[in-house]
Amino acid sequence: MELVERLLRGDKRAAAKAISLLEDYDKKAAEVLGAIYPHTGKAHIIGITGPTGTGKSTLVFALAKEFRKRDKKVGIIAIDPTSPFTGGALLGDRIRMGNLTLDEGVFIRSMGTRGHAGGTSRATADVIKVLDAMGMQIIFAETAGAGQSEVDIARIAHTSIVVEMPGLGDDIQAMKAGILEIGDIFVVNKADLDGVDSTLANLSLVVEREKPSGWKPRMQLTVATEDKGITDLADLIEEHYDFLKESGTLETERVERAKEELRAALSQHLFLRVLERPELIGEFNNLVQMITKKEMDPHSAAEKLLGLAGIA
């Protein structure tokens, strides 16, 4: 397939085309994924999450520049909320990344969540494979920034970075049971603002907890707009990846991700298998009405639909 051959040579237009196929549920997407899959698994995937306004995009921009200095090819996936009114992506402040698009060693793609919960898009994991296959060695996935439910990124990324900023003390306490538990590295960005000590004190309550892998989360102060703390943060990111490889955690997580991906693919294929049959679309809508009226529970409805599709 010409598209795949170009993609594997690092052709950005081919990558953009492949990603569009994935986002549009195009049937050719499965063929592309199947062809590039043997060429994936080489990149270090870094998830960047945290509340809106903490400067995640600026931080990614600064880190991308730092890793380019280290001769690494960098892919960036910026995930934004999808407008419930227009269906388009509510694109955030990506203008700071503009200069990076001129760098042949950088590929940037913005994606809308398209209603997917968890701060990522349904296609995020597959889009990462595209960037991986085209030779990107470092891949940043920046979540939508909607809040503490953004934990999906931890299932996708090798290294999860939670970004905070001074002045979010109460918010940090409120998020303790959610997003803070996924962090491998905590970054207090905009560290030139008042309240840094309070933010560090709140975060220290979380950082003290060693993760099941044995990794003890770390904290780093940055002022991304001035590139302050970025070199040390890049060092920490590499240190965490080395830990994953040397401890065997990377291989263990690879197996767990394979299980999760198979479950997700199975669910998606079953869903599409049902909805591509016109006679079942009407039954699907009838069951939705029955669930709404409390005449049938969702699990029983799913069993009935699978039975009608000859799958159950």
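As a basis for the values below, the full set of heavy atoms in this structure was taken, side chains included, without hydrogen atoms, waters or symmetry mates. Since the model is a prediction, treat every value here as computed from it, not as a measurement.
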Note to self: Please determine whether side-chain contact (heavy atoms from CB on, under 4.5 Å) holds for the pair L21 and L3, giving the CA-CA distance in whole Å, both sets of side-chain angles, and the decisive distance to 0.1 Å.
What the structure shows: CA-CA 11 Å; L21 293 176; L3 178 66; 3.9 Å; yes
With clusters defined by side-chain heavy atoms of hydrophobic residues (ILVMFWY) lying less than 4.5 Å apart, directly or transitively, does [Y] cluster with [X]?
{"X": "F140", "Y": "Y241", "result": "no"}
{"X": "F186", "Y": "L244", "result": "no"}
{"X": "L266", "Y": "L305", "result": "yes"}
{"X": "L250", "Y": "I139", "result": "no"}

Using side-chain heavy atoms (C-beta onward) and a distance below 4.5 Å, is [X] in contact with [Y]?
{"X": "D194", "Y": "P166", "value": "no"}
{"X": "D232", "Y": "D235", "value": "yes"}
{"X": "K12", "Y": "M134", "value": "yes"}
{"X": "M111", "Y": "T124", "value": "yes"}
{"X": "K17", "Y": "R13", "value": "no"}

If only atom types and distance count, is the side chain of [X] paired as donor or acceptor with the main-chain N or O of [Y] below 3.5 Å?
{"X": "K56", "Y": "I48", "answer": "no"}
{"X": "N189", "Y": "A224", "answer": "yes"}
{"X": "D26", "Y": "K28", "answer": "yes"}
{"X": "T54", "Y": "P51", "answer": "yes"}
{"X": "Q137", "Y": "K73", "answer": "yes"}

Rounded to the nearest 0.5 Å, what's the gap from [atom1] on [X] to [atom2] on [Y]? Could you check?
{"X": "I19", "Y": "I77", "atom1": "CD1", "atom2": "CD1", "answer": "6.5 Å"}
{"X": "E164", "Y": "L203", "atom1": "CD", "atom2": "CG", "answer": "5.5 Å"}
{"X": "T49", "Y": "E142", "atom1": "OG1", "atom2": "CD", "answer": "9.0 Å"}
{"X": "L131", "Y": "D126", "atom1": "CG", "atom2": "CG", "answer": "12.0 Å"}
{"X": "M136", "Y": "I128", "atom1": "CE", "atom2": "CD1", "answer": "13.5 Å"}
{"X": "T231", "Y": "L236", "atom1": "OG1", "atom2": "CG", "answer": "11.5 Å"}

Item checked: salt bridge (Lys or Arg N to Asp or Glu O under 4.0 Å) assessment of E23 paired with R109 -> CA-CA 12 Å; E23 291 190 301; R109 177 73 177 216; 3.0 Å; yes
Atom pairs and distances, donor-acceptor, side-chain atoms in residues 35-47, under 3.5 Å, two or more places apart:
| from | atom 1 | to | atom 2 | distance (Å) |
| --- | --- | --- | --- | --- |
| T40 | OG1 | Y37 | O | 2.7 |
| H44 | NE2 | T159 | OG1 | 2.8 |

For residues [X] and [Y], report the shortest heavy-atom separation together with the two atoms involved.
{"X": "A16", "Y": "F107", "result": "N-CZ, 4.1 Å"}
{"X": "G229", "Y": "Q220", "result": "O-NE2, 3.7 Å"}
{"X": "R277", "Y": "A309", "result": "NH1-O, 2.9 Å"}
{"X": "G183", "Y": "V162", "result": "CA-CG2, 3.7 Å"}
{"X": "A64", "Y": "I76", "result": "CB-CD1, 4.0 Å"}

Between the side chains of [Y] and [X], is the shortest nitrogen-to-carboxylate-oxygen separation below 4.0 Å, so that they form an ion pair?
{"X": "K129", "Y": "E261", "answer": "yes"}
{"X": "D227", "Y": "K65", "answer": "yes"}
{"X": "R257", "Y": "E253", "answer": "yes"}

Next item on the list: Give the C-alpha distance, both sets of side-chain angles, the deciding distance and a yes or no for side-chain contact (heavy atoms from CB on, under 4.5 Å) between I237 and L63.
Entry: CA-CA 10 Å; I237 290 170; L63 282 170; 4.1 Å; yes
Side-chain polar contacts of residues 283-295 - donor-acceptor pairs under 3.5 angstrom, sequence neighbours left out - could you list them?
| from | atom 1 | to | atom 2 | distance (Å) |
| --- | --- | --- | --- | --- |
| N285 | ND2 | I281 | O | 3.3 |
| N286 | ND2 | G282 | O | 3.3 |
| T292 | OG1 | V288 | O | 2.7 |

Notebook entry, point to check: When E226 is tested against each of V223, I230, T222 for side chain to side chain contact (heavy atoms under 4.5 Å, CB included), which residue passes?
Noted result: V223
Checklist line | Flag if over 12 foreign heavy atoms under 6.0 Å of CD, E210 | finding: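 Atom CD in E210 is packed in, count exceeds 12.
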Margin query: Does anything in residues 209-237 form a ring-ring contact (aromatic ring centres under 6.0 Å, His included)? List the pairs, not counting sequence neighbours.
Written below: W215-H240, W215-F243
